[in-house]
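See below for the structure under consideration.
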Amino acid sequence: MQLLLIHSDYIEYEVKKSTPVAEKIEESFKKGRLEEALTAFIAVEKIDEANVEGAVSKAVEEIKSVASQVKTDNIMVYPYAHLSSDLSSPKAGVAVLKGIEDTLSGEFNVKRAPFGWYKAFKISCKGHPLSELSRSIVPDETVPGAKSSECVTAVKEEVVSEALKAESTARSYWHILTPDGTLHDAEGFDFTGHENLGKFVDYEISKKRAVDKAPPHVELMRRLEIADYEPGSDSGNMRYYPKGRLIKSLLENYVLEETSKVGAMEVETPLMYDMNHPTLKKYLDRFPARQYSIESDKRQLFLRFAACFGQFLMNHDMTISYRNLPLKMVEMTRYSFRKEQRGELVGLRRLRAFTMPDMHSLCADMEHAMSQFDEQYNMCISVLDKIGIKVDDFEVAIRFTRDFYNENKDFITNLARTVNKPVLIEMWDTRFFYFVLKFEFNFVDALAKASALSTVQIDVENADRYEINYVDSDGNSRRPVILHCSPSGAIERCIYGLLEKEAMKAEKGGVPMLPVWLSPTQVRVIPIGEKHLDYALQVSEQLNCRVDIDDREDTVGKKIREAGREWIPYVVVVGDSEIEKGTINVTIRAESQPNKPVKSEMTPAELDAKVSVDIAGMPYKGLSLAKMLSQRPKFL
RNA sequence: GCCUCUGUGGCUUAGCGGUAUAGCGGCUGAUUCGUAAUCAGCAGGUCGGGGGUUCAAAUCCCCCCGGAGGCUCCA
């Protein structure tokens with residue numbers, strides 16, 4: 001058993017939310033306070049199960065001895081699982097805690113906090129030498145516990161938004177919606193044929209996360225010279241090498257083009273905002289995210305975690321007619337900042353600084369918003385598809401309030417019908433957030449971890465908060481309904497998704513590669529000897545894509561191997577026979593199997609035509625590195 | 001933020017109380033090569049940082065920093 005004893009001016013707690021192992025409790029038990037108390041934080045461990053009575057009596061002895069030293073009669077028995085990584089069963093835990101409570105209550109004024117609940121608590125530590133003690137107790141054999149630790153009474157003030165707090169108390173009802181419109185209980189649903197959905201549901205509901213290795217994209221992002229950790233910054237702020245910057249840039253351009261096609265106007269808004277701006281302050285409280293805050297002179301500023309503020313403040317000042325609706329604005333936020341908790345950050349999956357396309361649509365009313373929602377749902381599917389993440393690669397979650405569902409069953413069902421597979425439903429009794437309806441497309445990776453990509457939300461709060469109005473046909477001023485949309489989700493997360501997807505493909509015996517339009521090198525030309533370099537150059541000039549030439553002094557075998565490790569879609573080898581015939585010898589990655597390259601002899605013009613089919617309609621940029629490989633530095 | 005694990009030349013890594021091992025990469029030379037690593041030589045390390053224990057620390061202990069996994073959370 002682990003014991004942490006704190007002599008405090010007062011201790012008070014309040015129950016927030018039950019865990020699966022929570023004991024059933026009375027209403028009066030949900031809050032408690034003791035003045036001038038010795039608080040015993042207790043973690044009951046596996047080893048205590050062997051001798052529950054022994055553990056109880058040892059603990060009581062310790063607590064009594066400390067209580068007499070600090071001269072207090074009030075004792076708070078407080079279950080605190082985090083003291084140990086080898087916890088007992090909940091049953092044994094409750095038994096021990098109750099035992100301690102009962103034994104002590106003869107002599108002391110004892111209170112006990114409930115077991116198995118998330119609790120908020122406040123404690124004021126006295127700070128004298130005996131005020132903080134910890135003990136390790138083993139039944140029948142007392143281990144001399146740790147000595148008095150220093151009294152660290154740093155009061156940390158973290159700004160936690162109301163929405164974050166609300167989220168921890170929100171009661172969720174989980175269902176699976178099949179395309180036929182049936183709402184199944186999520187528990188007990190047969191996921192045969194929908195294994196990824198099963199994993200996603202597990203991830204969302206039961207929070208099962210048995211993972212023992214790093215996600216494969218972390219090694220890939222480095223080996224492919226896309227991105228890397230930057231120890232010189234804050235965690236979750238990455239560096240992007242030329243290849244990574246190229247890929248990001250292409251993705252950003254693509255998503256912006258797609259939003260432009262649906263009529264969005266691109267704008268740019270500030271990265272930092274006044275924390276005490278009255279409107280923003282209220283918004284902060286409604287968004288479930290943590291912010292970076294910075295001090296500048298006497299102002300408290302926060303870094304944006306989305307583009308909402310800037311766009312809404314702009315909307316507020318605009319004159320908008322019903323004729324302008326839906327009014328769409330978009331920004332590629334480089335960056336959005338969220339101060340995610342340390343342990344949440346992994347590679348490109350979750351970052352503290354990330355690039356997110358953020359589009360907002362002002363709609364006349366709910367009906368209008370729903371038809372826009374539907375359009376944007378379809379746009380998101382198509383955007384991810386072009387990026388290389390297909391409908392089968394993600395799982396759909398739709399979240400809404402019960403009222404919304406009851407009024408719009410057909411509408412919701414149609415969303416499941418569009419993707420033609422079962423989707424996860426999360427329903428709330430009351431609206432905790434600013435939206436009544438949202439969906440996300442969740443990528444499920446090789447380790448069964450899920451993370452959201454595209455999302456659209458129907459916001460019914462912020463038009464009021466920001467006082468955004470439009471003038472309707474009757475001349476009256478009205479509040480629009482606002483849609484938040486990130487068509488692709490975070491750009492970095494798309495890269496994560498692509499890399500994870502290809503890692504899974506390689507695992508199953510496929511040949512991994514990026515879509516041709518995103519490949520940093522689309523064609524590599526390898527001259528067999530120095531004398532073929534001129535011809536290689538000529539060939540490269542006939543290709544309208546990102547072509548580089550491996551002019552290094554290495555063997556052909558080695559160059560081929562390296563081109564393969566870089567996932568280059570087309571590898572061209574030229575030597576005497578090609579020069580003679582005016583052709584090239586092309587290895588086509590997309591058609592190859594491991595150890596079975598598919599080679600084809602063609603003319604440069606034929607290859608050019610082939611590549612242009614691959615990249616048709618997608619954004620293009622030139623090479624981000626020197627054309628000649630001998631001139632390229634190594635980043636890793 | 002908390003818990004657990006982890007950190008050796010640019011990268012991957014051996015060593016786990018007696019100041020360090022190899023491969024890749026880099027440089028030099030030879031080789032000019034037909035599809036998954038040409039050969040030889042050279043340079044490069046205060047073993048993440050700081051403190052402690054010891055005759056002696058990469059190795060043991062403490063603190064800090066980075067990374068991984070979990071709690072939690074999401075784009």
Side-chain angles (χ1 to χ4, degrees), chain A residues 2 19 43 80-87 118 156 158 160 163-164 167-168 204 207-215 218-219 222-223 228-235 287-290 305-307 333 335-336 338-352 354-358 397 440-443 447 449-455 457 484-494 496-497 526-533 553-565 571-578 585-587 592 594-597 599 633-636:
Chain A
Q2 299 294 331
T19 70
Y80 206 68
H82 314 287
L83 291 172
S84 170
S85 54
D86 191 24
L87 292 169
Y118 291 116
K156 278 178 211 141
E158 199 190 342
V160 177
L164 267 185
E167 199 154 34
S168 64
E204 282 278 316
K207 314 276 185 195
K208 268 188 230 154
R209 323 235 159 133
V211 172
D212 52 358
K213 50 184 175 177
V218 175
E219 195 218 320
R222 306 183 73 230
R223 212 198 70 209
D228 207 347
Y229 296 113
E230 176 50 78
S233 179
D234 192 18
S235 320
F287 199 93
R290 295 177 174 82
F305 41 83
T333 64
Y335 289 112
S336 287
R338 296 189 188 178
K339 202 165 183 327
E340 306 296 1
Q341 300 186 82
R342 187 55 195 61
E344 298 166 337
L345 310 167
V346 199
L348 292 172
R349 179 169 173 259
R350 196 93 190 274
L351 297 166
R352 282 183 173 168
F354 58 99
T355 308
M356 178 177 61
D358 204 1
E440 317 112 42
F441 295 151
N442 290 274
F443 183 82
L447 307 176
K449 289 235 180 193
S451 36
L453 291 164
S454 315
T455 181
Q457 301 153 7
H484 299 237
C485 169
S486 187
S488 62
I491 299 296
E492 295 83 357
R493 194 172 273 184
C494 289
Y496 143 83
I526 300 178
I528 285 181
E530 229 170 285
K531 60 182 172 184
H532 309 117
L533 192 54
E553 292 188 23
D554 277 311
T555 56
V556 176
K558 182 162 183 182
K559 292 178 183 178
I560 294 283
R561 177 182 154 83
E562 288 200 3
R565 279 176 63 83
V571 179
V572 172
V573 177
V574 293
D576 288 337
S577 76
E578 282 78 13
N585 191 319
V586 186
T587 302
S592 299
N595 301 317
K596 269 186 267 169
K599 283 179 269 183
K634 287 238 162 0
F635 286 87
L636 284 171

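Note that this is a predicted model, so its numbers are computed, not measured. Residue numbering restarts at 1 for every chain, and letters A, B, ... go by the order of the sequence lines.
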Would you classify G564(A) as touching base, sugar-phosphate or nothing, given that sugar-phosphate means primed atoms plus P, OP1 and OP2, and contacts are heavy atoms under 4.0 Å?
-> nothing
T455(A) near the nucleic acid: base, sugar-phosphate alone, or nothing, with a heavy-atom cut-off under 4.0 Å?
-> sugar-phosphate
Sugar-phosphate only, base, or nothing, as touched by G347(A) at under 4.0 Å among non-hydrogen atoms | sugar-phosphate
Which part of the nucleic acid does S577(A) contact within heavy-atom distance under 4.0 Å: base, sugar-phosphate only, or nothing?
-> base
So does S488(A) get a side-chain nitrogen or oxygen closer than 4.0 Å to the phosphate oxygens (OP1/OP2) of rA75(B)?
-> no
Between A450(A) and D554(A), name the one whose nearest nucleotide on RNA chain B is closer to the 5' end.
-> D554(A)
With rounding to whole Å, what would you report as the distance between rU28(B) and rC62(B) at their C1' atoms?
-> 47 Å
Using the C1' atoms only, state how far rA22(B) lies from rG45(B), rounded to an integer number of Å.
-> 14 Å
Mind checking L453(A) for me? I need base, sugar-phosphate or nothing, with any heavy atom below 4.0 Å counting as a touch.
-> sugar-phosphate
Does RNA chain B take part in any stems of at least 3 consecutive Watson-Crick or G-U pairs (both distances under 3.5 Å), and if so, which ones?
-> B:1-7 with B:65-71, B:10-12 with B:22-24, B:26-30 with B:38-42, B:48-52 with B:60-64
Looking for any heavy atom pair under 4.0 Å, which part of the strands does A563(A) touch: base, sugar-phosphate only, or nothing?
-> nothing
P atoms of rA20(B) and rG9(B), separation to the nearest Å = 15 Å
Would you classify N585(A) as touching base, sugar-phosphate or nothing, given that sugar-phosphate means primed atoms plus P, OP1 and OP2, and contacts are heavy atoms under 4.0 Å?
-> base
Which part of the nucleic acid, if any, lies within contact of I526(A), taking any heavy atom under 4.0 Å across all strands shown: a base, the sugar-phosphate backbone alone, or nothing?
-> nothing
Considering only the C1' atoms, how many Å lie between rU59(B) and rC16(B), rounded to the nearest integer?
-> 4 Å
When rounded to whole Å, the CG to P distance for the pair L636(A) and rG23(B) reads 21 Å
Please tell me if the side chains of V573(A) and E578(A) come closer than 4.5 Å, counting only heavy atoms from C-beta onward.
-> no
Could you tell me the separation between the CD atom of E553(A) and the P atom of rC33(B), rounded to a whole number of Å?
-> 13 Å
Would you mind classifying the nucleic acid contact of V346(A) as base, sugar-phosphate or nothing, using non-hydrogen atoms under 4.0 angstrom?
-> sugar-phosphate
The salt bridge (charged side-chain N to carboxylate O under 4.0 Å, His left out) partners of R349(A) (sequence neighbours excluded) come to none
Using the C1' atoms only, state how far rG66(B) lies from rU54(B), rounded to an integer number of Å.
-> 29 Å
To the nearest angstrom, the CG-P distance between L351(A) and rG67(B) comes to 11 Å
Mind checking the C1' distance from rG44(B) to rU21(B)? Whole angstroms is fine.
-> 15 Å
Separation between CE (M356(A)) and CZ (R338(A)), nearest 0.5 Å, reads 5.0 Å
Nearest whole angstrom, please: distance from the C1' of rC74(B) to the NZ of K449(A).
-> 12 Å
Separation between the P atoms of rG51(B) and rA56(B), rounded to whole Å | 15 Å
On a heavy-atom basis, the closest approach of S235(A) and R352(A) is O-CD, 3.1 Å
Only one of K559(A), E562(A), H532(A) clears side-chain contact (heavy atoms from CB on, under 4.5 Å) with I526(A); which?
-> K559(A)
Carboxylate-amine/guanidinium contact D228(A) R222(A), below 4.0 Å = yes
So which nucleotide from rU35(B), rU38(B), rC71(B) ends up closest to the side chain of K599(A)?
-> rU35(B)
To the nearest 0.5 Å, tell me how far Y335(A) OH sits from T355(A) OG1.
-> 5.0 Å
Has K558(A) got a side-chain N or O lying under 4.0 Å from the OP1 or OP2 atom of rG25(B)?
-> yes
With a 4.0 Å cut-off on heavy atoms, is E230(A) in touch with a base, just the backbone sugar-phosphate, or nothing at all?
-> nothing
Using atom NZ of K559(A) as one end and atom P of rA37(B) as the other, report the distance to the nearest whole Å.
-> 15 Å
When F441(A) and V574(A) are each assigned the nearest nucleotide of RNA chain B, the 5'-most assignment goes to V574(A)
Identify whether any heavy atom of V573(A) sits under 4.0 Å from a base atom; if not, whether one sits that close to sugar-phosphate; answer base, sugar-phosphate or nothing.
-> base
Once you round to the nearest 0.5 Å, how far does CG of D234(A) lie from CG of L351(A)?
-> 11.5 Å
Between the base of rC74(B) and the side chain of R493(A), is there any donor-acceptor pair under 3.5 Å?
-> yes
Expressed in whole Å, how much space separates the C1' atoms belonging to rC39(B) and rU32(B)?
-> 14 Å
Touch class at under 4.0 angstrom, heavy-atom based, for R565(A) against every strand present = nothing
Across the strands shown, which category fits L345(A) at heavy-atom distances under 4.0 angstrom: base, sugar-phosphate, nothing?
-> sugar-phosphate
